[in-house]
Amino acid sequence: QVQLVESGGGLVQAGGSLTLSCAASGSILTIGAMRWYRQVRGKQRELVAVITSPSGVTTSYAESVKGRFTISRDNAKNTVNLQMDSLKPEDTAVYYCNADVRMPLVDGFLEVWGQGTQVTVSS
């Protein structure tokens, strides 16, 4: 069993900053790509940022957050962070952590989701 637990959400004024963290725990051999998604009620879940290798070299972002959000990971701690600066009201959503995890006795990588954390940006 593997769990992803997000933290760091909350209420912030427009122009402010928040840092989301996600910690993976359980029977983990290695973690591949790690991602942050967000979802507004009634809308599709949107991919916000990806960090695609354990070395953390390759990252990509949704156009709407480029230059404002930064994804990073700590492989020793099995964590991924999302630094969010210059927040806008339209960034308000539930943010979900997602990771490709390789576990003992399981072929390939399993996609695991966190439970989500609410981010609210007031104008």
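Because the structure is predicted, anything quoted here is derived from the model rather than measured. What's counted below: heavy atoms across the whole structure, side chains too, no hydrogens, waters or symmetry copies.
Within the model, atoms CD1 of I51 and OG1 of T59 stand 6.5 Å from one another, a figure rounded to the nearest 0.5 Å. Atom CE of M84 sits about 4.5 Å away from atom CG of L18, to the nearest 0.5 Å. A distance of 11.5 Å separates CD1 in I28 from CD in Q1, rounded to the nearest 0.5 Å.
Between Q115 and E6, the side chains place a donor N or O and an acceptor N or O closer than 3.5 Å (distance only, hydrogens not considered). Side-chain contact, S17 with D85: a donor N or O sits under 3.5 Å from an acceptor N or O.
Contact check for I31 versus F109: no side-chain heavy atoms found under the 4.5 Å cut-off. With a 4.5 Å cut-off on side-chain heavy atoms, V12 and S122 do not count as touching. Annotation: side chain of L20 is in contact with side chain of T117 (closest heavy-atom distance under 4.5 Å).
For the residue pair Y61 and A49, the shortest heavy atom distance occurs at CD2-CB, 3.7 Å. When all heavy atoms of S123 and A14 are compared, the pair lying nearest together is CA-CB, 4.3 Å.
No chain of hydrophobic side-chain contacts below 4.5 Å, direct or via other Ile, Leu, Val, Met, Phe, Trp or Tyr residues, connects M34 to L47. Residues V106 and V112 are members of one and the same hydrophobic cluster, defined by side-chain heavy-atom contacts under 4.5 angstrom among Ile, Leu, Val, Met, Phe, Trp and Tyr.
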Original post:
Is there a side chain to side chain contact (heavy atoms under 4.5 Å, CB included) between S72 and V80 once you walk through the steps?
Top reply: CA-CA 6 Å; S72 62; V80 60; over 6 Å; no
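Residue pairs meeting the side-chain hydrogen bond (donor to acceptor under 3.5 Å, both in side chains) criterion with at least one partner in residues 19-28, sequence neighbours excluded, are T19-Q83, S21-N81. Annotation: ring pair (Phe, Tyr, Trp, His ring centres under 6.0 Å) contacts involving residues 81-100, sequence neighbours excluded, are absent.
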Which donor-acceptor pairs under 3.5 Å do side chains of residues 98-105 form with protein atoms, sequence neighbours excluded?
residue: N98; atom: OD1; partner: R35; partner atom: NH1; Å: 2.5
residue: N98; atom: ND2; partner: E111; partner atom: OE2; Å: 3.0
residue: D100; atom: OD1; partner: R35; partner atom: NH1; Å: 3.2
residue: D100; atom: OD2; partner: R35; partner atom: NH2; Å: 2.7

Which pairs of donor and acceptor atoms, one on a side chain in residues 63-71, lie under 3.5 Å apart (sequence neighbours left out)?
residue: E63; atom: OE2; partner: K66; partner atom: NZ; Å: 2.7
residue: S64; atom: OG; partner: R38; partner atom: NH2; Å: 3.3
residue: R68; atom: NH1; partner: S86; partner atom: O; Å: 3.0
residue: R68; atom: NH1; partner: D91; partner atom: OD2; Å: 2.7
residue: R68; atom: NH2; partner: S64; partner atom: O; Å: 2.8
residue: R68; atom: NH2; partner: D91; partner atom: OD1; Å: 3.0
residue: R68; atom: NH2; partner: D91; partner atom: OD2; Å: 3.4

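In this structure T120 satisfies the side-chain contact (heavy atoms from CB on, under 4.5 Å) test together with L11, T92, Q118, sequence neighbours excluded. Every residue two or more places apart in sequence or in another chain that forms a ring-ring contact (aromatic ring centres under 6.0 Å, His included) with Y37 is listed here: W113.
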